[in-house]
There are 4 protein chains.
Amino acid sequence: MGTPQQEPQSQAQPRRSDTRRRIQQVALELFAEQGYEKTSLREIAERLDVTKAALYYHFKTKEDILSSIAEDLARPMRELIAWAEGQPHSLATKQEILRRYSDILWGSVDLFRFIQENQATVRELTVGENFRSSMKALGELIKDPSAPIAAQVRSVTALFSMHAGMFVTQNVEGDPEEKRAAILEVALDLVAQAETSVLTG
Amino acid sequence: MGTPQQEPQSQAQPRRSDTRRRIQQVALELFAEQGYEKTSLREIAERLDVTKAALYYHFKTKEDILSSIAEDLARPMRELIAWAEGQPHSLATKQEILRRYSDILWGSVDLFRFIQENQATVRELTVGENFRSSMKALGELIKDPSAPIAAQVRSVTALFSMHAGMFVTQNVEGDPEEKRAAILEVALDLVAQAETSVLTG
Amino acid sequence: MGTPQQEPQSQAQPRRSDTRRRIQQVALELFAEQGYEKTSLREIAERLDVTKAALYYHFKTKEDILSSIAEDLARPMRELIAWAEGQPHSLATKQEILRRYSDILWGSVDLFRFIQENQATVRELTVGENFRSSMKALGELIKDPSAPIAAQVRSVTALFSMHAGMFVTQNVEGDPEEKRAAILEVALDLVAQAETSVLTG
Amino acid sequence: MGTPQQEPQSQAQPRRSDTRRRIQQVALELFAEQGYEKTSLREIAERLDVTKAALYYHFKTKEDILSSIAEDLARPMRELIAWAEGQPHSLATKQEILRRYSDILWGSVDLFRFIQENQATVRELTVGENFRSSMKALGELIKDPSAPIAAQVRSVTALFSMHAGMFVTQNVEGDPEEKRAAILEVALDLVAQAETSVLTG
DNA sequence: AATGAATGAGGCTTCATTCAT
DNA sequence: GATGAATGAAGCCTCATTCAT
């Protein structure tokens, strides 16, 4: 056909040059380190020892590089939402959402951190829009719009406490796995308390 | 050459230059709306109907504009930290920290949101460094390094739950004041639980 | 206010730097010599011994440079059309149109030649659209839509014979003024014949 | 090695490569529509659903594609000139030149229009040089260098009135064939008048 | 208290072209 | 009879900043 620039369909051809993948890797590293705007294509190209034009063989635009990377986060998010929409709105479901969300986050921690730290930039990119709408959907699934405000805030905080966790625990000593578990637990507690406060409040 | 660019010395002449203030206002608006990098001095100048050069009469650099704005947040933060350092590390103190922090945040909500959404950019600016170190100091004051990890995470989450609150509650219906109170309450609860879990855990 | 980039209103300020005018001059020279696309802003800037960025102080885009130049032709064209629309559709009027058109053309001969030779490029620029619609208007004024096709063709040919004249007479020897007069005369003859053929045909 | 890129040797194998022809077709379409410079090889390739590299199998350069297309016009022009050079310089010959020229023009109307609208570009390409020299030769054959300037202008105008006709008659209503005939007639008249004016002037 | 004019650096993107396979 | 991958050159444009007035 011509130029690539699409996601490799299915199991891809054998060794179709791994440059595409290398670009994504290096780009994510630099985006995460310095921010999206401050990372130039020149820099990415230099780090890979190719020319800027080579990047354009593999991706249509700078944003396209980012979009392609962001799929790693966007896809599991979509899947999580799809799954959750098929479940009862029970506490058990909500807690399972948090568990799965935790896995997703820690599975793409660099990418996620990048999105967090570049929200202003990413906001008007497709990537940002997608992420925002995913978060909104998740919010709807975890809170009960008929509950008192305090309970709703608690639920939503559960979700976001896991974001905060990723940043904040840099200042807390301890085994990473243990911290991660602690963060999740705080979140699980919060939804549980939200539920309870509805009943007893 | 006798240009200003210093902090207005206290209450000097009341009308010392209203342009300076207008620049800060417009700049914050634009920074918050579009991000720091994507806001050019040209844009700011145009919005004010002055030339770019005029901005340089009032501020040494672009970063300088931001720094001057950020003082609104940085000063109260310093004050809060100074106050807290003189208090006992009791639960009551921690909760008062959260209450005061809440006031500070909602008092500069636009600026704060801006910093949150431009972390990658702001990170290597003085503004960002200051903010990070303030947050770190606050973290130290609110958590007990000898407590179990779960308790520490809970404490730190208390702090950050208030950040999340500012963004998240856009999707929760209800009176702003009520939401704000709910957010604070969740935070107060979290520190309280941290304390308890230490005792009972 | 800020940057210029508008036509100097009325009789302009004294010596507001003639760079703007120099840019226009050099640009027209180069556009005419090499074509619009093949002339880069780098070239124009180098020829003027300024930086590319200086061009952008005076003009918003490359196209803007061209547009500003083209006003020299566009304004008199608009005036001619406005005038003609207020006249009776007589042969005398049509011949006067041709005379005035001749003056306009020879008054901006380089610009006109440029537009002729860069039609494909200029077509989707404001400049080109304007020129096309002016020519169309002039066409309507010079031909009689109820006349036989042959007559209409003759009229329209009168108009365009003057364009051709500008290029073609490079291969005809003789005094420029005399050639110019000859070209106009052929055109005047053509409208006259168009009229006659209607009557007698 | 062993690639084609030569003119198809006469009737060789009938199906020697239909891609070559398709490239020429699509290229002409795009060149005519958007101009030579603004049409990229990428565009041509995409429209044909082949890669850019494929174009280079069939043609040495972008210009080469154009040159190969232009032969359609260049060959008949050469033939016309060769024929005319063997004829007496009579009015009948001149009129026959115009008739044949009309046929050539309308036989390659898209290509011709393209050359007209891209003169600046084409000027320094072989294609343009050829065309210019053909026009010059035709000019010499149709005018009498010893005639008064007015007569010479009239003759040359005859030739170019047919170019103008191709563009201009878009705004004249009527059957295409009839218009075409009218255009030719105006041209034939013009040479005739040129002759007469010599005799009677 | 501000403007007019300009600069140097660098950004993203596109293009014609090449060459090994 | 083509593709995949890449290059080098260049394009237009924008930005923060400077400085004489």
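Keep in mind it's a predicted model, so treat the numbers as computed, not measured. Reminder, nothing fancy here: chain letters follow the sequence lines and each chain counts from 1.
Side-chain N/O atoms of A:Gln24 and A:Ser68 include a donor and acceptor closer than 3.5 Å. Using a 3.5 Å distance cut-off with no hydrogens or angles, the side chains of D:Glu63 and D:Thr126 do pair a donor with an acceptor.
The distance between atom CG of C:Leu48 and atom P of E:dT7, rounded to the nearest whole Å, is 10 Å. Across the protein-nucleic acid pair, B:Glu46 atom CD and E:dT3 atom C1' stand 15 Å apart, rounded to whole Å. For the pair C:Tyr36 OH and F:dG11 C1', the computed distance is 12 Å after rounding to whole Å. F:dG1 atom P lies 12 Å from atom CD1 of D:Ile23, rounded to whole Å. Taking atom CZ on A:Phe59 and atom C1' on E:dC12, their separation rounds to 16 Å, with Å as the unit. Whole-Å rounding puts the B:Lys60 NZ to F:dT18 C1' distance at 15 Å. In this entry the distance linking CG of A:Asp64 with P of E:dT14 reads 11 Å, nearest Å. What separates CG of C:Leu125 from P of F:dC12 is a distance of 13 Å, to the nearest Å.
With the nearest nucleotide of DNA chain E identified for both A:Glu43 and D:Glu63, A:Glu43 has the one nearer the 5' end. Between A:Ala53 and D:Ala54, the residue whose closest nucleotide on DNA chain F is further toward the 5' end is D:Ala54. Position along DNA chain E of the nearest nucleotide to D:Leu41 versus B:Thr19 favours B:Thr19 as the more 5'-ward residue.
Side-chain N/O atoms of B:Arg42 include none lying less than 4.0 angstrom from OP1 or OP2 on F:dT14. Between C:His58 and the phosphate of E:dA6, there is a side-chain N or O to OP1/OP2 separation shorter than 4.0 Å. Contact between the side-chain N/O atoms of C:Tyr57 and the OP1/OP2 oxygens of E:dA5 is found at a separation under 4.0 Å. Distances shown here put a side-chain N or O of A:Ser40 below 4.0 Å from the OP1 or OP2 atom of E:dG11. Side-chain nitrogen and oxygen atoms of A:Tyr56 include none within less than 4.0 Å of the OP1 or OP2 phosphate oxygen of E:dT14.
Both distances falling under 3.5 Å, in either a Watson-Crick or a G-U wobble arrangement, place E:dT14 opposite F:dA9. F:dA20 and E:dT3 make up a base pair, with Watson-Crick or G-U wobble contacts both under 3.5 Å.
When the nucleotides E:dC12, F:dT7, F:dT17 are ranked by their closest atom to the side chain of B:Thr61, F:dT17 comes out on top.
At distances below 3.5 Å, not a single donor-acceptor pair connects side-chain atoms of B:Ser108 with backbone N or O atoms of B:Leu111.
Between C:Glu43 and C:Arg47, no side-chain nitrogen of the basic residue sits less than 4.0 Å from a carboxylate oxygen of the acidic one, so the salt-bridge criterion is not met. Ion pairing of C:Arg113 with C:Glu117 is absent here, as no side-chain N (NZ or NE/NH1/NH2) approaches a carboxylate O to less than 4.0 Å.
Counting atom types as modelled, D:Lys52 pairs no side-chain N or O with a base atom of F:dT3 as donor and acceptor under 3.5 Å.
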